[in-house]
Novice: 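Following this message is one structure expressed as structure tokens.
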Amino acid sequence: MDPPFEEKYKSLFNNDTLISKDEDYIIMSDYEEHELPTIDLHRLTLSFSEGEQCVKEIRQAAREWGFFQVVNHGIPQEILERIQLEQRKLFHHPFSKKAEENVLNLPGYTWSNPTATCLRQLPWLEVFHIPLTDLSKISGEYRILRESIEAYTATAEKLAKHLSEILAENLGVSSTFFQENCLPETSYLRMNRYPPCPFSSEVLGALPHTDSCFVNVLNQDQIGGLQLWMNGKWISVKPNPKALIINIGDLFQVVSNDVYKSIRHRVLASKQAERFSLAYLYCPRKDSVIESGMKPSMYRKFSFGELMEQNARDVKETGNKGGIPRFLV
């Protein structure tokens, strides 16, 4: 079921190494492990003072960490378990089946990086990237998968919208912005599998990146490997089986005028264990205008579609997206 990494990239392993002075790609044997700030969202339903304190902690985590984890988040455990099961079933199909054109009636399956010219450009993962506007195309033998995605994304959308409204409340953003621009069908679901990697000291599971969204709702297993770039070094995130991870995306960094941080993160490859994660990327319509209500603004205003097109050009030309620094004033 694993993609043929070694066969496809044999020449890179024979002729290249990941030795680099670039901190993005250095892999060490040991890292500091940290637990993300934990927010109990049930507190939002309690007394006014308790709710206000919870809101304060959400905004503080977004400013200081760019990542936090939430419990009592409103997504039922049975919905989480169902989509995790269907995700595993999908990825455990033979590689030849997954690699078929439009296997889900969508062109969303990718693995590693077909344009890699060195090990630093080689992520050890496979992905199903699903625009929710195309979700109805998934049918036939994948009907149960589609139903599990529908159930999960409906609840994840409510969570993402609620948190986004809390984060945006003091930023001069219209109170109806998310209702009008971030529709259920404008977001994306990204299902990731990181196969066991015999070269885990040389290649990464996922390359360093930020997320082009407002917030990402991340559901991961307990294998570990997620790392954040904090205070000039990579730190490892301690998995929490009872929590979902929320991270601030590029769009909130722009809207907040850099008050909230879209933090670079990556995933280490595991030598022995496969790892699964599920990312719900809360995104607006492509014609939505992204701008800060705080003046003077550090970024010129742009549409979400413009950002996506620029990212696609950057990836094609350099292998990495330029992201929001492209739009600095």
Novice: For Glu100, is there an ion pair with Lys97 - N to carboxylate O distance below 4.0 angstrom?
Specialist: no

Novice: Other residues, nucleotides and ligands only: do more than 12 of their heavy atoms fall within 6.0 Å of CD on Gln272?
Specialist: no

Novice: Can you tell whether the side chains of Glu126 and Arg193 come within less than 4.0 Å, N to carboxylate O?
Specialist: yes

Novice: With the 4.5 Å side-chain cut-off for hydrophobic clustering, are Leu41 and Phe48 part of the same group?
Specialist: no

Novice: Please lay out, stage by stage, how Asp314 and Gln310 fare under the test side-chain contact (heavy atoms from CB on, under 4.5 Å).
Specialist: CA-CA 6 Å; Asp314 289 340; Gln310 182 63 60; 3.0 Å; yes

Novice: Go through the steps to decide whether Leu163 and Tyr282 satisfy the test side-chain contact (heavy atoms from CB on, under 4.5 Å), and finish with yes or no.
Specialist: CA-CA 11 Å; Leu163 290 172; Tyr282 186 58; over 6 Å; no

Novice: With the 4.5 Å side-chain cut-off for hydrophobic clustering, are Tyr260 and Ile263 part of the same group?
Specialist: no

Novice: Would Phe214 and Phe177 count as a ring-ring contact (aromatic ring centres under 6.0 Å, His included) if you check the C-alpha gap in whole Å, the side-chain angles of each, and the deciding distance to 0.1 Å?
Specialist: CA-CA 12 Å; Phe214 277 107; Phe177 177 87; 5.8 Å; yes

Novice: Within the side chain of Asn72, is there an N or O that forms a donor-acceptor pair under 3.5 Å with the backbone of Asp40?
Specialist: no

Novice: With heavy-atom distances below 4.5 Å as the criterion, would you say the side chains of Leu36 and Leu228 are in contact?
Specialist: yes

Novice: Taking C-beta and beyond as the side chain, do Pro107 and Asn102 meet within less than 4.5 Å on heavy atoms?
Specialist: yes

Novice: Below 4.0 angstrom, N of the basic side chain to O of the carboxylate: do Arg326 and Glu306 qualify?
Specialist: no

Novice: Taking the inter-plane angle between the rings of Phe252 and Phe178 on a 0 to 90° scale, is it parallel (under 30°), tilted (30 to 60°) or perpendicular (over 60°)?
Specialist: tilted

Novice: Please round to the nearest 0.5 Å and tell me the distance separating atom SG of Cys283 and atom CG of Leu307.
Specialist: 9.5 Å

Novice: Could you state whether Tyr194 and Ile223 fall into the same hydrophobic cluster, counting links through intermediate Ile, Leu, Val, Met, Phe, Trp or Tyr residues with side-chain heavy atoms under 4.5 angstrom apart?
Specialist: no

Novice: Give the minimum heavy-atom separation between Ser212 and Met308, together with the two atoms involved.
Specialist: CB-SD, 4.4 Å

Novice: Please work out whether the ring planes of Phe128 and Tyr109 are parallel, tilted or perpendicular, with thresholds of 30° and 60°.
Specialist: tilted

Novice: For a quick test of reading the model, state the closest non-hydrogen atom pair linking Pro239 to Gln222 and the distance between them.
Specialist: CB-OE1, 3.1 Å

Novice: Is it the case that the side chain of Gln87 and the backbone of Asn192 share a donor-acceptor pair, with hydrogens and angles ignored and the cut-off at 3.5 Å?
Specialist: yes

Novice: According to a 4.5 Å side-chain heavy-atom criterion applied to Ile, Leu, Val, Met, Phe, Trp and Tyr, with indirect links allowed, do Trp111 and Leu125 form part of one hydrophobic cluster?
Specialist: no

Novice: To the nearest 0.5 Å, how far apart are CG in Leu189 and CE in Met191?
Specialist: 6.0 Å

Novice: Checking the side chain of Ser187 only, and the main-chain atoms of Pro184 only, is there a donor and an acceptor separated by less than 3.5 Å?
Specialist: no

Novice: For a 4.5 angstrom cut-off between non-hydrogen side-chain atoms, does Ile246 reach Leu159?
Specialist: yes

Novice: In this structure, which one of Asp211, Ile290, Val215 forms a side chain to side chain contact (heavy atoms under 4.5 Å, CB included) with Leu251?
Specialist: Ile290

Novice: Is Glu157 paired with Lys161 through a side-chain N to carboxylate O contact shorter than 4.0 Å?
Specialist: no

Novice: If you compare all heavy atoms of Gly322 against all heavy atoms of Asn311, which two are closest, and at what distance to 0.1 Å?
Specialist: N-OD1, 4.2 Å

Novice: For the residue pair Arg63 / Gln60, report whether a side-chain donor-acceptor contact shorter than 3.5 Å exists.
Specialist: no

Novice: Nearest 0.5 Å please: distance from the CZ atom of Arg82 over to the CD1 atom of Ile149.
Specialist: 10.5 Å

Novice: Could you tell me whether the side chain of Arg266 and the main chain of Gly205 form a donor-acceptor pair under 3.5 Å?
Specialist: no

Novice: What closest approach, in Å, do Gln69 and Asn240 show between heavy atoms, and which atom pair accounts for it?
Specialist: OE1-CB, 3.3 Å

Novice: Nearest 0.5 angstrom please: Thr153 OG1 to Tyr280 OH, how far?
Specialist: 6.5 Å

Novice: Does the Lys98 side chain pair with the main chain of Pro3, one donor and one acceptor, at a distance under 3.5 Å?
Specialist: no

Novice: For Glu180, look at atom CD and say whether over 12 heavy atoms of other residues, nucleotides or ligands are found less than 6.0 Å away.
Specialist: yes

Novice: Would Arg43 and Glu50 satisfy salt bridge (Lys or Arg N to Asp or Glu O under 4.0 Å), going step by step from the backbone distance to the final call?
Specialist: CA-CA 6 Å; Arg43 294 163 57 206; Glu50 190 71 26; 2.8 Å; yes

Novice: Thr176 side chain to Gln179 main-chain N or O, any donor-acceptor pair under 3.5 Å?
Specialist: no

Novice: Hey, is NE2 on His92 packed in by over 12 heavy atoms from elsewhere, all under 6.0 Å?
Specialist: yes

Novice: What closest approach, in Å, do Ser200 and Lys271 show between heavy atoms, and which atom pair accounts for it?
Specialist: OG-CB, 3.5 Å

Novice: Val203 and side chain to side chain contact (heavy atoms under 4.5 Å, CB included): which single residue from Leu122, Leu12, Ile27 fits?
Specialist: Leu122

Novice: Are Leu132 and Leu145 connected in a single hydrophobic cluster, I mean Ile/Leu/Val/Met/Phe/Trp/Tyr linked by side-chain heavy atoms less than 4.5 Å apart?
Specialist: yes

Novice: Salt-bridge test for Glu169 and Arg59: reply yes if a basic N is under 4.0 Å from a carboxylate O, no otherwise.
Specialist: yes

Novice: Do the side chains of Arg285 and Phe304 get nearer than 4.5 Å, heavy atoms only?
Specialist: no

Novice: Is there a donor-acceptor contact under 3.5 Å from the side chain of Asn113 to the main chain of Gln121?
Specialist: yes

Novice: Is a donor on one side and an acceptor on the other found under 3.5 Å between the side chain of Asp221 and the backbone of Phe276?
Specialist: yes

Novice: Between Asp258 and Tyr299, do the side chains contain an N or O donor and an N or O acceptor separated by less than 3.5 Å?
Specialist: yes

Novice: Could you tell me if the side chain of Ile75 sits less than 4.5 Å from the side chain of Tyr152, heavy atoms only?
Specialist: yes

Novice: Under 4.5 Å between any side-chain heavy atoms of Lys56 and Gln53, yes or no?
Specialist: yes

Novice: To the nearest 0.5 Å, how far apart are CZ in Arg120 and CG in Leu204?
Specialist: 10.5 Å

Novice: So Phe13 and Trp124, would you call those rings parallel, tilted or perpendicular, with 30° and 60° as cut-offs?
Specialist: perpendicular

Novice: Can you see which heavy atom on Ser139 is nearest to which on Arg146, and at what distance?
Specialist: CA-NH1, 4.0 Å

Novice: Should we count NZ of Lys295 as having more than 12 external heavy atoms under 6.0 Å?
Specialist: yes

Novice: Hey, does the side chain of Asn105 reach the backbone of Asp134 with a donor-acceptor pair shorter than 3.5 angstrom?
Specialist: no

Novice: Just so I know, are the side chains of Leu44 and Ile166 near enough to count as touching, which here means a heavy-atom distance under 4.5 Å?
Specialist: yes

Novice: Among Trp234, Phe67, Trp229, Trp65, which residue meets the ring-ring contact (aromatic ring centres under 6.0 Å, His included) test with His265?
Specialist: Phe67

Novice: Do Val71 and His42 have side chains that approach each other closer than 4.5 Å (heavy atoms only, starting at C-beta)?
Specialist: no

Novice: What distance separates Thr155 OG1 from Leu80 CG, expressed to the nearest 0.5 Å?
Specialist: 7.0 Å

Novice: Looking at His209 and Leu207, would you say the former's side chain and the latter's main chain have a donor-acceptor pair under 3.5 Å?
Specialist: yes

